[in-house]
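This report refers to the structure that appears directly beneath it.
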Number of protein chains: 2
Amino acid sequence: MLNFSTSEENYIKTIFHLQNGQNTVTTNELAERLRTKPASVTDMMKKLKAKKLLHYQPYQGFRLTNEGKKVALDIIRRHRLWEFFLAEKLKFKWDEVHVVAEDLEHVSSRKLIDKLDEYLGYPKFDPHGDPIPDSLGKMENSEQVSLVELPLNKPAEVCRVVNQSEEMLELLQHKKINIGTRLEVKRKFGFDHSIEIKLRQSKRTPSEQPPFSISEQLAKNIFVNL
Amino acid sequence: MLNFSTSEENYIKTIFHLQNGQNTVTTNELAERLRTKPASVTDMMKKLKAKKLLHYQPYQGFRLTNEGKKVALDIIRRHRLWEFFLAEKLKFKWDEVHVVAEDLEHVSSRKLIDKLDEYLGYPKFDPHGDPIPDSLGKMENSEQVSLVELPLNKPAEVCRVVNQSEEMLELLQHKKINIGTRLEVKRKFGFDHSIEIKLRQSKRTPSEQPPFSISEQLAKNIFVNL
DNA sequence: TTAATTTTTTAGATTTGTCTAAAATTTAAT
DNA sequence: ATTAAATTTTAGACAAATCTAAAAAATTAA
Ligand SMILES: [Mn+2]
Ligand SMILES: [Mn+2]
Ligand SMILES: [Mn+2]
Ligand SMILES: [Mn+2]
């Protein structure tokens, strides 16, 4: 696989996330996400098209080619492996890993990443519960539902947190919810769609805890395995 | 400490290595080492001078300021810590670590490096035996031997002069021996333990010079890097 | 179905880092 | 002390990535 600039990699990765399967991505959308200007996006789209990473006709939006998706998965693999390393080995907090991984992901030695993967024991998920692509670009996609859709009293395990902002993670830490936390939904309130949940006992919470409630906004961002 | 570009960091680091204490570094020397052109070096020297990292007057060569040295030591710290990590944890071979560390060294999160250092157990030397600066820039002195112990015909570079009296310096100047002078020992005389040495050609002594001898007393005070 | 609005692209500039070729300066040789 | 040679700097150009302002195209509204 060819080598791409940091800037190209950031565009490719972001398009992959925005298109999320088959969506067509628009210029403004991408510009906003990358905190750049539409004119800059257009320039880069021409370049990526020339490199055959992108399907693009002027004014028609764009989608990654299969080759483009492969490149994107490789960058995502690097990003998530570093996040895992930072959290697991260097004891970074949940909300600190992302910014550092944004830099580390652009160090593109194939051997480095494969050896890192091996050293970490081939982890399947990053600290936010997002799946880590293997060296061939394959990753787990388990059945996941948000807390909003989880039936009452059905035990489940938190596997993924979609919004990874510092504020979100601060809130989760305060509520003692982590990836791997087991819980069940006890009630749903129609008025504001808030949800009452109860954590199951664990290493961290050895004594029985009372149920507490979380907002709909938070619940929508927390995903569990059934 | 401010943030510098990858290119600026590579220049700073290379100047640090070339000046090795107090040598003045020349444009051609630096261009060759960085595999770039003298004109590019001059451009960058202006920029680094403007940032107060460099002492530089046109045509007079350059040396890092104290601030510049601090920056250099920080880059070297990053480089060597990553080399240690790659060799020790990821089981890279001795000769593979350098190129990868050349990229990793430019990821400049302070917290990342300090946590990495802690995780690695505060190693003192990288896999090549070069000392790793601590978070304050301090490092262990490298392997040094006095001229008395230096094997015959082994090229070495003067790195330290222990006795700094006026008489000592007068003698050294007369013999054209400075920090950074490269030389080798040609003979050792048993009678008075005097030593015959030969200076290697340099900017200051571009033509081949005949060997000359120095006393044991003097030789004991001159240290070289192997 | 025109007109207004939004989106996207182009044109032209800017910054960083690089280059070649020519001029300026320093150093070495005659 | 001149002259010759080497070193260093300047001048001008270029590629990558970005920006602003203006033009073009697509979308939405009247
Ligand atoms: Mn992330
Ligand atoms: Mn990135
Ligand atoms: Mn190295
Ligand atoms: Mn480097």
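- Classification of the A:Tyr119-B:Phe85 ring pair by plane angle, with boundaries at 30° and 60°, yields perpendicular.
- Under 4.0 angstrom from either OP1 or OP2 of D:dT9 there lies at least one side-chain N or O belonging to B:Thr27.
- Classification of the A:His128-A:His98 ring pair by plane angle, with boundaries at 30° and 60°, yields perpendicular.
- Atom C1' of nucleotide C:dT8 and atom OH of A:Tyr56 are separated by 8 Å, given to the nearest angstrom.
- The side chain of A:Tyr59 lies closest to D:dA25 when the candidates are D:dA25, D:dT20, D:dT8.
- Using modelled atom types, one finds a donor on one side chain and an acceptor on the other under 3.5 Å when comparing A:Ser194 with A:Asp192.
- When rounded to the nearest whole Å, the span between CG of A:Asn28 and P of C:dT8 equals 5 Å.
- You'll find that the side chain of A:Ser40 is closest to D:dC19, out of D:dC19, C:dT18, D:dT9.
- Contact annotation: B:Thr36 reaches the phosphate of C:dC19 (side-chain N/O to OP1 or OP2, under 4.0 Å).
- The side chain of B:Ala39 lies closest to C:dT20 when the candidates are C:dT10, C:dT18, C:dT20.
- Side-chain contact annotation: A:Asn10 with A:His106, donor-acceptor N/O pair under 3.5 Å present.
- If you measure from atom CZ of A:Phe4 to atom P of D:dA16, you get 14 Å, rounded to the nearest angstrom.
- Regarding B:Glu29, its CD atom lies at a distance of 18 Å from the P atom of D:dA6, rounded to whole Å.
- A salt bridge links B:Glu9 to B:Arg78: one of the charged nitrogens lies within less than 4.0 Å of a carboxylate oxygen.
- Atom CD of B:Glu8 and atom P of C:dT15 are 15 Å apart (whole Å).
- Not one side-chain nitrogen or oxygen of B:Ser7 sits closer than 4.0 Å to the OP1 or OP2 atom of C:dT16.
- The side chain of A:Lys46 places an N or O atom within less than 4.0 Å of a non-bridging phosphate oxygen (OP1 or OP2) of C:dT10.
- Counting any heavy atom pair closer than 4.0 Å across all strands shown, A:Pro58 reaches sugar-phosphate atoms only and no base atom.
- The distance between atom NZ of B:Lys37 and atom P of D:dG12, rounded to the nearest whole Å, is 22 Å.
- Note: CE (B:Met45) to P (D:dT9) measures 9 Å, nearest angstrom.
- One can place CD of A:Gln60 at 13 Å from C1' of C:dT9, the figure rounded to the nearest angstrom.
- Closest-nucleotide positions on DNA chain D for B:Gln57 and A:Tyr11 were compared, and the one nearer the 5' end corresponds to B:Gln57.
- Close to D:dT10, at under 4.0 Å from its OP1 or OP2, lies no side-chain N or O of B:Thr42.
- Listed nucleotides: C:dT18, D:dT8, C:dT10. Nearest to the side chain of B:Asp43: C:dT18.
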